[in-house]
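Reading through the structure tokens given below for one structure.
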There are 2 protein chains.
Amino acid sequence: MLSEQVYAHLQGAIMRGDYAPGDALKPQDLAREQGVSLAVTREALVRLVGEGLADRLPNRGFAVPSFSDRRWQEIAEARRTIEPVVLRMSIERGDVDWEARVRAAHHRLVRTPAFVPKEGEHYTDAWAEAHRVFHRTLLEGCGNHALLETFDRLWTASELARRWAAHRNPDRDGVKEHRRLEEAALDRDADTAAAVLVQHLTLTAAALIDDSRQPAQQG
Amino acid sequence: MLSEQVYAHLQGAIMRGDYAPGDALKPQDLAREQGVSLAVTREALVRLVGEGLADRLPNRGFAVPSFSDRRWQEIAEARRTIEPVVLRMSIERGDVDWEARVRAAHHRLVRTPAFVPKEGEHYTDAWAEAHRVFHRTLLEGCGNHALLETFDRLWTASELARRWAAHRNPDRDGVKEHRRLEEAALDRDADTAAAVLVQHLTLTAAALIDDSRQPAQQG
DNA sequence: GTAACACAGATAATCGATTATTGGCCGGAT
DNA sequence: ATCCGGCCAATAATCGATTATCTGTGTTAC
């Protein structure tokens, strides 16, 4: 299934930031680059649109979603609204296997370097994936596929937005936040875990507000 | 944009139950029936898959999602988990325009006949739509597109499942439930509204459990 | 000088035909 | 009689070419 490969390639490219928001995704060019036909490329693009990773402008083709501060804030709020509730369910229901996977995911997250020296300011692909897996594993104890799918969609949107938010981290200790999250979850302390998660998500959202509303005001 | 029409047609047909769960959706046949090419049909099918209204079996084509009791229960639980929280936000934030739209949606719901005499046991399209609009309007006060999109996806999945759940309504007064929901929302009584909504969703889910686990055990 | 129109190039959307893969069917061997 | 393996029809997936639509530019009329 060629469209699968093209889809994966485009998803990676968009999430990695190879294209800027608003850039046109021309089926012709993409088809030539990938060495496939138009139909295949179109199929992949339609899928991307379904996942929210591309916009479709009728009779004007496809494009990378344009960054919108408002939309980003709504996604962040949606996560703050939904994830704590699911986390509570997860903590209540998770079994030993879940506990083990949380530990494993946290370990992997801690041991994966977030930045590579030369690469510059952006997270490594490996860390981004470990980060996603940790957050998802925390919720997987709920055992509800529909809820986890909701998480997946919001996470994707959230990551895409963050990629384009030039975040100057206000003294933030992500490592510590994650550790507190892991501890509270494994202690079955739902209240604490939910509170820490909300704070974690709030801080992430706040980092963007600052940058977009006070660009380079360092006085 | 032809694929749009084909998409709309298929969505309606699937939701209406013109195809049974598991039925193959053959691009060839569909293309012939609709008088369009394969590419167009495929594009529509890929969209359907994205919306959860079709399954894709690699190298084996597309099919109507097979009904799964487990999946349905998970969707119902997801709704019970998310919608009350969003309803609270909506009640807290909704403005006068929202109030007016809630009243209008409820009025329309009440005045739309749920069944047509001859048609048999299934809801009319008009009532199903009015029902959806009422529930969605209740949540729209939250003003968060990401959350409403989540609602839309869960609603679609929920409706599709319900279409195939031969629900024998246990003495249920849907009209009354909706009225209590409207009243609590407009009274800004978030606690009551959330509680009524959870009960509403629980009863809907329960109707299916009964039928699938005790098929025709009447005495 | 401005504004409306028409042309041209680019590209989105669609089509009909070709290739590749699947699952069932038949025959032969054990 | 049953099981294994190779044909065959059906159809999924892909392709290259065609048609329709949009955007920008240049021209002409006022």
Side-chain angles (χ1 to χ4, degrees), chain A residues 1-68 71 160, chain B residues 1-68 71 160:
Chain A
M1 205 145 66
L2 281 184
S3 68
E4 178 66 30
Q5 301 172 231
V6 177
Y7 169 79
H9 173 81
L10 282 174
Q11 164 166 16
I14 292 173
M15 294 288 273
R16 194 176 310 114
D18 291 356
Y19 304 102
D23 274 10
L25 295 168
K26 303 182 186 178
Q28 296 263 11
D29 300 354
L30 296 172
R32 195 165 352 94
E33 292 170 18
Q34 300 283 315
V36 297
S37 75
L38 284 178
V40 173
T41 306
R42 280 187 136 264
E43 205 171 294
L45 285 168
V46 170
R47 277 186 65 187
L48 261 324
V49 172
E51 310 282 336
L53 284 174
D55 283 348
R56 180 165 200 177
L57 322 171
N59 283 325
R60 296 196 45 199
F62 303 86
V64 177
S66 52
F67 181 80
S68 152
R71 177 169 159 69
L160 181 59
Chain B
M1 204 145 67
L2 281 183
S3 69
E4 178 65 30
Q5 300 171 232
V6 177
Y7 169 79
H9 173 81
L10 282 174
Q11 163 165 18
I14 292 172
M15 293 288 274
R16 195 177 308 113
D18 292 355
Y19 304 102
D23 274 11
L25 296 167
K26 304 182 185 179
Q28 295 263 9
D29 299 354
L30 296 172
R32 194 166 352 95
E33 291 169 18
Q34 300 283 316
V36 297
S37 76
L38 284 178
V40 173
T41 307
R42 277 184 140 268
E43 204 172 296
L45 285 168
V46 170
R47 278 187 64 184
L48 261 324
V49 171
E51 309 281 336
L53 285 174
D55 283 349
R56 181 164 199 178
L57 322 171
N59 282 325
R60 295 195 46 199
F62 304 86
V64 177
S66 54
F67 180 81
S68 151
R71 176 170 159 69
L160 181 60

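Keep in mind that what you see is a predicted model, and the values were worked out from it rather than measured. Each chain gets a letter, A, B and so on, in the order its sequence line appears, and its residues count up from 1.
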Using residues 25-38 of chain B as the side-chain source, report each donor-acceptor pair under 3.5 Å to any protein atom, sequence neighbours left out, with the distance given to one decimal.
unit_1 : atom_1 : unit_2 : atom_2 : d
B:D29  : OD1    : B:R32  : NH2    : 3.1
B:Q34  : NE2    : B:H9   : NE2    : 3.0

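What separates CG of B:D55 from P of D:dA12 is a distance of 15 Å, to the nearest Å.
Rounded to 10 degrees, the angle separating the terminal axes of the helix from C:dG1-D:dC30 to C:dT30-D:dA1 is 10°, with each axis obtained from five end pairs.
Here the CZ-CG distance, from A:F62 to A:L53, works out to 13.5 Å after rounding to the nearest 0.5 Å. Between atom CG of residue A:L160 and atom CZ of residue A:F67 there is a gap of 9.0 Å, rounded to the nearest 0.5 Å. Here the CG-CG distance, from B:L57 to B:N59, works out to 10.0 Å after rounding to the nearest 0.5 Å.
Listed by chain and residue number, B:E43 satisfy the side chain to side chain donor-acceptor pair (under 3.5 Å) test with A:R56 (two or more places apart in sequence, or in another chain). Residues passing the salt bridge (Lys or Arg N to Asp or Glu O under 4.0 Å) test with B:R16 are B:D18, B:D125, sequence neighbours excluded. With sequence neighbours excluded, the residues that form a side chain to side chain donor-acceptor pair (under 3.5 Å) with B:E4 are B:R47.
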Fill in the blank from the handout: In 5'-to-3' order, the base (B), backbone-only (S) or no-contact (-) status of each nucleotide in nucleotides 11-22 of chain C, using a 4.0 angstrom heavy-atom cut-off, is SSBBB-B---SS
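Closest heavy-atom contact between B:P21 and B:S66: CB-CA, 3.9 Å.
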